[in-house]
Amino acid sequence: MKNKIKILAVSLALTAILFSCESNTENKPTTENKETAGHSHGEEKKEGSVCGIPLTPEDSTAYFNPTLEIKGEVENKLKLTVDSLKQMNVLTVDSFTVVCQSGATTSESVQFKGVLLKELLEKAKIIQHGHKDRNFYIVAQATDGYKATFSWAEIFNNPTGENTYVIFEENNAPIRKGAYVLNTTNDIKTGPRHVYWLKSIEVFRVN
Ligand SMILES: Nc1nc2c(c(=O)[nH]1)N[C@H]1C(S)=C(S)[C@@H](COP(=O)(O)O)O[C@H]1N2
Ligand SMILES: [Mo]
């Protein structure tokens, strides 16, 4: 009997952990050079996980990619570095939390610096034939094959465009999982379109 109660208590606790959903806090950016007042971020971040599966430092080294490519249906294919991103309009978000589809929080209150994906795509110039030519999808891909997809309208005609960043710094230090991460701060669950080890942004035309 005692054992049954114990098992019940343990399974309840596990269920609570699994479904401990956190709502996405408002993530408002501030512009660069108006350095945000020192936000403390508590304990050191763990090395990283894919929703619970731990990643080793060796994984992070193997998947590291120093450049970011913007390619596909664009006039100017770009090969960007952290330094070239720093020359652009750098924005700071004070507190960003990654929540997996399962509801589990994987990273809490991270401060980051980055550039809007929209700005990168404007620089690369999507090849458009007239203003009705706007059926494109944009794929952000990582070196491990992980991908996230956006539509043209989300980026250029929707608030998501003001909330999707390619970032190069977390808590005032270079990113641990690759040189760049893509984040969409207004997604309900921020995990799916949080792409670490980011290596390319590719524009595809819907045929
Ligand atoms: N490159 C890459 N990015 C990825 C994943 C992955 O497997 N590879 N997993 C995603 C999932 S399922 C989640 S929940 C978040 C977790 O992010 P974090 O561990 O950095 O907090 O990253 C997302 N980004
Ligand atoms: Mo996830």
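First listed ligand is number 1; within each ligand, the first listed atom is number 1.
Under the 4.5 angstrom side-chain criterion for Ile, Leu, Val, Met, Phe, Trp and Tyr, the cluster partners of F204 are Y137, V139, V206.
Under the 3.5 Å distance criterion, the side-chain polar atoms of T164 are matched with a main-chain donor or acceptor of T160. With hydrogens and angles ignored, the 3.5 Å screen pairs no side-chain donor or acceptor of R193 with any backbone N or O of L182. Using a distance-only test at 3.5 Å, with no hydrogens or angles considered, no donor-acceptor pair links the side chain of T184 to the main chain of D187.
Residue S107 approaches ligand 1 through these ligand atoms, each under 4.0 Å from one of its heavy atoms: 18 (P), 20 (O), 21 (O). Short contacts between ligand 1 and K177, defined as distances under 4.0 Å to a heavy atom of the residue, involve ligand atoms 18 (P), 19 (O), 20 (O). Counting the atoms of ligand 1 from 1 in the order shown, those under 4.0 Å from a heavy atom of C100 are 14 (S).
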Show me the donor-acceptor pairs, under 3.5 Å and distance only, between side chains in residues 114-131 and residues at least two apart or in other chains.
{"unit_1": "K118", "atom_1": "NZ", "unit_2": "E162", "atom_2": "OE2", "d": "2.9"}
{"unit_1": "E119", "atom_1": "OE2", "unit_2": "N89", "atom_2": "N", "d": "3.3"}
{"unit_1": "Q128", "atom_1": "NE2", "unit_2": "D133", "atom_2": "O", "d": "2.8"}

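Contact annotation for D144 and ligand 1: only side-chain heavy atoms (C-beta onward) come within less than 4.0 Å of the ligand. By the criterion of a heavy-atom distance under 4.0 Å, the side chain of A142, and not its backbone, is placed next to ligand 1. Of all the heavy atoms of Y196, the ones lying under 4.0 Å from any atom of ligand 1 are found in both the backbone and the side chain.
Distances between N or O atoms of Y146 and those of ligand 1 include no value under 3.5 Å.
Contact between Q101 and ligand 1 is absent, with no heavy atom of the residue lying under 4.0 Å from the ligand.
Ring geometry for F112 against F96 counts as perpendicular: the plane angle is over 60°, on a 0 to 90° scale with 30° as the lower cut.
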